[in-house]
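No experiment lies behind these values; they were computed from the predicted model shown.
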Amino acid sequence: MLKNSAAILAVVSLVLSILIGVALSRRGAAPAARSGPGVREPVIGLSMDTLKEARWQRDRDYFLERAQELGARVRVQSANSDDTRQIQDVKALLASKVDALVIVPHNGAAMAAGVREAKLAGVPVIAYDRLITDCDLDLYLSFDNVRVGELQARYLVEHLPGGRGRIVRIYGAPTDHNAVLFKQGQDIVLEPLISRGDITVVHEDWAVDWDSSNAKKIMNAALTKGAAFDAVLASNDGTAGGAIQALKEANLAGKVAVTGQDAEAVACQRIVNGTQAMTIYKPIRRLATRAAELAFDMALGRPVVANGVVSNGMEAVPAVLLDVVVVDKDNMRETVIADGYYTRDDIYGAAGKE
Ligand code: BGC
């Protein structure tokens, strides 16, 4: 199923690229041609917010693999969820004369300052997975994040008896533009149901820095209120993990459906064990590989082609958005396992199921 949807997506992306392709050329200083003997290989700077969630380690590794295959050198920095440190990382990468910059911002608004520095240095910037707002950005590469939120909420509603019930909502980091997009997607599904009285939100809050311990606190606050609930709309697997820990301590794990996102191994294990209902698989290898290819081309001053545009508050940023897949206990094998993201043993072995 995943292979089919991936194939359809690839065809759709190609057609879209041709139809509404946006030819990008480096907007800064024209780079020198870099081919032939004695000419140095392009250097790409990769500035990451964090490597805390397992997915970011995969993003980095796949990115490095593809960039190196193409003949680029990559300098990686990770800021440990600290805005000041991430701006310093960007400045250091620019000072080391990178030819292109790929940034996963901790704070999409604060990082506009980093993009301005890059512009002054004539270095093109790709916002990777998370948008950087209010700045002159060359390219945004991500998944369809509004759709992620819609899929999470739709799954939850479809698994509530009669599509009705009381829920707790745990949003992501308020500093991450993606968290806003996930909520936006969830709202598209939930708002009409909330107005109709089919869904009641008994508690909601934002988990600072996407931290699972903050999500656990939010869950505990919901439990302390004493209002009964049927499901937890957690925005990613990390926050789902924190919520499930709190539910376990209250003897409720497995009794209320919990959503997630990222298809982390631990989350997939929780799904087969019944304490988490679903996750969203975002094919990280495709994203990171594409980003490495686009960054490589931009580093060489070659035009690249986007398949859409996204407003970042200041301008319409050329964007490449990939699709995502819902994963639950019924399609684990056909999705993350069939795609080679995990082996059967990674999930069922570690979950004690096989
Ligand atoms: C990403 C999610 C991730 C979260 C926390 C978001 O921007 O889209 O995949 O779980 O950050 O790192």
message: Looking at every non-hydrogen atom in both residues, tell me the closest pair between Asp134 and Gly313 and how far apart they are.
response: OD1-C, 3.4 Å
- request: Specify the closest pair of heavy atoms between Val256 and Val232, including all atoms of both residues, with the distance to one decimal.
  value: CG2-CG2, 4.3 Å
- line: Heavy-atom closest pair (Pro283 atom, Asp323 atom, distance to 0.1 Å) is CD-O, 3.6 Å
field: Verdict with supporting geometry, Asp209 and His106, side-chain hydrogen bond (donor to acceptor under 3.5 Å, both in side chains)
entry: CA-CA 8 Å; Asp209 282 344; His106 168 250; 2.7 Å; yes
query: Minimum heavy-atom separation for Leu321 to Tyr140, with atom names?
result: CD2-CE2, 3.9 Å
Check against side chain to side chain contact (heavy atoms under 4.5 Å, CB included), Arg333 and Tyr348: CA-CA 10 Å; Arg333 287 182 178 82; Tyr348 295 95; 3.4 Å; yes
- line: Shortest non-hydrogen pair, Thr335 vs Val325, comes out as CG2-CG1, 3.8 Å
- prompt: Would Glu150 and Arg147 count as a salt bridge (Lys or Arg N to Asp or Glu O under 4.0 Å) if you check the C-alpha gap in whole Å, the side-chain angles of each, and the deciding distance to 0.1 Å?
  reply: CA-CA 5 Å; Glu150 279 185 62; Arg147 182 157 166 74; 5.4 Å; no
- request: Could you please spell out the steps behind the side-chain hydrogen bond (donor to acceptor under 3.5 Å, both in side chains) verdict for Asp205 and Tyr171?
  value: CA-CA 6 Å; Asp205 208 348; Tyr171 311 121; over 6 Å; no
task: Tell me whether Ile126 is reachable from Tyr62 by hopping between hydrophobic residues (I, L, V, M, F, W, Y) whose side-chain heavy atoms are closer than 4.5 Å.
output: yes
message: Under the criterion side-chain hydrogen bond (donor to acceptor under 3.5 Å, both in side chains), I'd like the reasoning laid out for Trp210 against Asn236: C-alpha separation, chi angles, the key distance, then a yes or no.
response: CA-CA 8 Å; Trp210 288 101; Asn236 77 345; over 6 Å; no
Test item: Asn214 side-chain N/O and Val208 main-chain N/O as donor-acceptor pair under 3.5 Å: yes
query: Mind checking what makes side-chain contact (heavy atoms from CB on, under 4.5 Å) contact with Ala227, not counting sequence neighbours?
result: Val202
- request: Measure the spacing between CD1 of Ile347 and CZ of Arg344 and express it to the nearest 0.5 Å.
  value: 11.5 Å
- prompt: Under 30°, 30 to 60°, or over 60°: which ring-plane class applies to Tyr341 and Tyr281, parallel, tilted or perpendicular?
  reply: tilted
query: Would the number of heavy atoms belonging to other residues, nucleotides or ligands and lying under 6.0 Å from NZ of Lys52 be above 12?
result: yes
- request: Mind listing the closest non-hydrogen atom pair of Arg270 and Asp237 along with its distance?
  value: NH2-O, 3.0 Å
Lys216 NZ to Leu223 CG distance, which is reported to the nearest 0.5 Å: 11.0 Å
message: Measuring from atom CD1 of Ile284 to atom CZ of Arg55, what distance do you get when rounded to the nearest 0.5 angstrom?
response: 3.5 Å
- request: Without swapping roles, check the side chain of Asp211 against the backbone of Ser213 for a donor-acceptor pair under 3.5 Å.
  value: yes
Residues Tyr128, Arg130; criterion side-chain hydrogen bond (donor to acceptor under 3.5 Å, both in side chains); working and verdict: CA-CA 6 Å; Tyr128 181 93; Arg130 299 175 178 167; over 6 Å; no
task: Mind checking side-chain contact (heavy atoms from CB on, under 4.5 Å) for Ala265 and listing every partner two or more places apart, or none if nothing turns up?
output: Gln269, Tyr342
query: About how many Å separate CG of Leu131 and CG of Asn178, when rounded to the nearest 0.5 Å?
result: 8.0 Å
message: Closer than 3.5 angstrom, by distance alone: can the side chain of Thr133 be matched with the main-chain N or O of Gly108 as a donor-acceptor pair?
response: yes
query: Distance from Arg75 atom CZ to Asp89 atom CG, nearest 0.5 Å?
result: 13.0 Å
